[in-house]
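Report on one structure; see the data block that follows.
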Amino acid sequence: MTEEVTSLDADGDIITVALRGEIDVLTVEQVRLTLGEAVARRPRQLVVDMADVAFIDSTGLGALVSGFQRARDQEIDFRLARPSHNVRQILMLSGLLEVVPVLP
């Protein structure tokens, strides 16, 4: 069994999905399902807190892109928050930071 890497917290019309550990081929399905659940709740804003993410691979990036696109299609404001320096570098190299706003 894989470690739990997601949690979802709703506060009014803002939903925060907190990710932790390594987001890779072994854990990405949890990320996809949690982001899908968050979008289905139709919040005004969806924040993906990445403060506790140690590593993210291309499958994890794909899940973030998919979540962003689904949120955008529902007119939900989608933001990433607090990525570590290393994770921010990966996000920057992927081009994701050009389309998804990042909170400090």
> Out of Leu19, Ile23, Asp24, which residue meets the side-chain contact (heavy atoms from CB on, under 4.5 Å) rule with Val5?
Replying inline: Ile23
>> If the condition is side chain to side chain donor-acceptor pair (under 3.5 Å), which residues does Arg82 pass it with, not counting sequence neighbours?
In response: Asp49
>> Under the rule for side chain to side chain donor-acceptor pair (under 3.5 Å), what residues qualify as partners of Asp13, not counting sequence neighbours?
In response: Arg44
> Atom CE in Met50, atom CZ in Arg20: separation rounded to 0.5 Å?
Replying inline: 13.0 Å
>> Just checking Asp73: does its CG atom have more than 12 heavy atoms from other residues, nucleotides or ligands closer to it than 6.0 angstrom?
In response: yes
> Can you list every side-chain hydrogen bond (donor to acceptor under 3.5 Å, both in side chains) pair that touches residues 52-71, not counting sequence neighbours?
Replying inline: Asp57-Thr59
> At their closest point, which heavy atom of Phe78 faces which heavy atom of Leu35, and how far apart are they?
Replying inline: CE1-CD2, 4.4 Å
> Between Ala63 and Val31, which heavy-atom pair has the shortest distance, and what is it?
Replying inline: CB-CG1, 4.0 Å
> Which pair of non-hydrogen atoms, one from Val17 and one from Ala38, has the smallest distance, and what is that distance?
Replying inline: CG2-CB, 3.9 Å
> Among Val48, Thr34, Thr27, Leu33, which residue meets the side-chain contact (heavy atoms from CB on, under 4.5 Å) test with Thr6?
Replying inline: Thr34
> Any idea which heavy atoms bring Val53 and Ser84 closest together, and the distance?
Replying inline: O-OG, 3.9 Å
> Can you name the closest pair of heavy atoms from Gly67 and Val39 and give their distance?
Replying inline: O-CG2, 4.2 Å
